[in-house]
Amino acid sequence: MAELVQQENRLIFTEEMKKEYTILVPQMAPYHFNFFVSAFASEGYNAELLRTDDYDLIHEGMKYSHNDICVPAMLVIGQFIDAIKKRGIDAKKVALIITQTGGGCRASNYIALLRKALEKSGYPYVPVISLNASGFEKNPGFKVTPRLLHKLHDAMLFGDLLMTLVNQTRPYERYEGDTKRLLLEINDEMKAYFNHASLFSWRRQKRKSKDIIERFKALETDKTELKPKVGIVGEIYVKYSPLGNNHLEETLEKEGCEVVTPPLYDFFLYSFDSGIYDIVEYGGSWKKKQVLKLAIWYVEVRRNKLRKMLKNAGFEASVPYKKIKAMANGFISHGAHTGEGWLLTAEMVDLIEHGAPNIVCTQPFGCLPNHIAGKGMIKKLKKHYPKSNIVAIDYDTSASKINQLNRINLMVSNAKRQQMKD
Ligand code: SF4
């Protein structure tokens with residue numbers, strides 16, 4: 001049995017634990033995180049994605065963390081503790097993994113909050129692994145090798161690809177359930193996709209992407225009547241997580257809309273770019289700056305190939321990162337990069353300029369940066385784009401679903417009215 005090893009005031013995830021423990025992964029982005037878990041599994045980790053989506057688990061997060069902390073932290077902590085306490089998991093054989101952004105936002109401190117919550121709830125022996133690209137905390141049993149990193153990159157590309165294809169197909173499918181069936185089929189196949197030993201897998205990724213796009217294209221759709229497009233933006237957790245946003249994507253589709261959710265990869269490129277910004281403005285390592293630049297360039301080269309494939313097959317593709325970045329100009333400074341920062345504003349501009357002036361801006365309780373870059377920008381955007389139809393929806397600890405729904409419905413009826421006029 002793996003021994004508990006304490007170092008620098010924290011439990012280390014050891015090599016023995018890698019063999020014996022299951023790593024629990026919180027669900028944030030359903031299209032992507034399945035693939036992350038498959039990528040971990042292909043590198044020898046027993047990883048399990050937490051699929052619980054009962055909003056009541058937030059109470060576990062509230063019980064063991066400060067009530068001033070933002071809602072996404074409470075949900076993530078709540079989901080972990082709920083899993084250990086109530087889902088029949090052997091607490092002595094699990095570790096938790098959480099991302100650490102390293103920026104100025106509270107997301108950098110979730111790990112400390114989580115450890116404190118585990119202690120308070122009676123599980124001080126559960127190790128917590130930090131997933132980060134900055135080398136913050138090291139664990140002998142968990143290493144982000146170049147191959148794992150590249151597999152996570154592929155997982156991100158596939159997640160964004162599937163999200164785009166599903167959103168553009170499901171509202172128009174001729175036979176109900178076709179898109180869901182295909183999505184499940186592909187998710188299943190992808191478990192094996194990551195089982196390879198090569199460092200790069202460009203051809204493999206290209207082949208699989210082409211196959212996925214063709215299969216979506218082959219689904220029968222009826223686009224004689226186009227539905228109003230509604231964009232989802234906001235703080236990263238509530239934007240993508242059905243647990244965080246009360247299944248917003250599903251709600252909007254039921255209300256007769258086509259959902260447009262910006263790619264998750266943009267957030268990571270924005271984070272790299274924010275690192276460059278800080279080095280340029282305040283000084284820092286030249287080498288780090290070059291690495292960050294190279295990372296953005298590399299991801300964009302891969303994404304451009306996907307964009308081309310999508311367009312050739314008649315789907316819409318996201319705009320290049322450079323263009324998204326330029327869209328913030330005149331609205332918000334690129335120096336505003338805490339939380340989603342300027343990216344949130346730029347995404348709203350992009351949606352408005354590309355046929356989705358109807359937007360739900362998801363706002364978690366306790367999130368200052370996004371109240372500035374999201375809700376705080378709506379008036380300015382409205383002035384510049386009078387036809388924009390943006391609604392800010394608050395997600396808090398005692399969120400009233402009815403209240404959220406009423407506001408969403410009002411935005412949707414405005415969207416439908418405007419579409420009839422145009
Ligand atoms: S962006 Fe907002 S919700 Fe997310 S960690 Fe920061 S403060 Fe919390």
Side-chain angles (χ1 to χ4, degrees), residues 25-29 32-33 55 57-58 60-62 64-80 96-117 128 130-134 136-137 232-246 248 261-275 277-278 328 332-348 359-378 392-399 404:
V25 184
Q27 174 63 290
M28 188 188 86
H32 306 73
F33 274 44
Y55 202 80
L57 56 78
I58 198 168
E60 292 296 339
M62 286 162 76
Y64 303 112
S65 51
H66 196 279
N67 58 4
D68 262 356
I69 200 67
C70 47
V71 158
M74 286 190 192
L75 282 168
V76 172
I77 293 170
Q79 193 177 41
F80 277 138
L96 312 179
I97 192 163
I98 195 159
T99 48
Q100 214 179 351
T101 57
C105 204
R106 290 185 234 182
S108 301
N109 302 314
Y110 278 16
I111 195 154
L113 296 172
L114 180 57
R115 286 193 179 117
K116 209 166 169 190
V128 184
S130 158
L131 180 62
N132 67 79
S134 316
F136 289 143
E137 288 187 356
I232 301 179
V233 297
E235 189 274 339
I236 190 166
Y237 185 87
V238 287
K239 176 179 172 187
Y240 295 104
S241 162
L243 168 64
N245 63 28
N246 275 333
L248 182 57
T261 314
L264 180 58
Y265 225 146
D266 279 345
F267 178 79
F268 286 84
L269 297 193
Y270 149 85
S271 305
F272 300 160
D273 207 12
S274 301
Y277 182 97
D278 286 346
I332 187 168
S333 157
H334 290 129
H337 54 65
T338 301
E340 267 52 38
W342 62 259
L343 178 67
L344 205 173
T345 315
E347 282 177 346
M348 290 200 271
I359 297 169
V360 178
C361 181
T362 57
Q363 299 283 145
F365 169 81
C367 174
L368 181 65
N370 289 290
H371 273 76
I372 295 167
K375 210 172 184 172
M377 283 293 139
I378 297 178
I393 304 289
D394 292 325
Y395 291 89
D396 57 45
T397 43
S398 52
Q404 290 169 351

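Both backbone and side-chain heavy atoms feed into the values below; hydrogens, waters and symmetry mates do not. Note that ligands are numbered from 1 as they come in the structure, with each ligand's atoms numbered from 1 the same way.
- At a threshold of 2.8 Å, atom 2 (Fe) of ligand 1 has a backbone or side-chain N, O or S atom of C367 nearer than that distance.
- No side-chain N or O of H337 forms a donor-acceptor pair with one of D273 less than 3.5 Å apart.
- Heavy-atom proximity to C70, at under 4.0 Å, picks out these atoms of ligand 1: 3 (S), 5 (S), 7 (S), 8 (Fe).
- Residue G339 approaches ligand 1 through these ligand atoms, each under 4.0 Å from one of its heavy atoms: 1 (S).
- For atom 6 (Fe) of ligand 1, the closest heavy atom belonging to the protein is C105 SG, 2.0 Å.
- Using modelled atom types and a 3.5 Å distance limit, the side chains of Q100 and S130 yield a donor-acceptor pair.
- Distance check: F268 CZ to I236 CD1 gives 5.5 Å after rounding to the nearest 0.5 Å.
- Side-chain atoms of S241 never come within 3.5 Å of backbone atoms of A29 as a donor-acceptor pair (strictly under, hydrogens ignored).
- Side chain of Q404 to main chain of D394: a donor-acceptor pair is present (N/O by atom type, distance under 3.5 Å, no hydrogens or angles).
- Of the residues listed (K375, E235, H371), the one engaging Q363 in a side-chain hydrogen bond (donor to acceptor under 3.5 Å, both in side chains) is H371, and it is the only one.
- For Y110, the heavy-atom gap to ligand 1 drops under 4.0 angstrom.
- Only side-chain heavy atoms of N370 come within less than 4.0 Å of ligand 1; its backbone N, CA, C and O stay farther off.
- Closest to atom 4 (Fe) of ligand 1, if we only count protein heavy atoms, is E235 OE2, 2.7 Å.
- Close contacts between ligand 1 and P72 involve ligand atoms 3 (S) [criterion: under 4.0 Å to a heavy atom].
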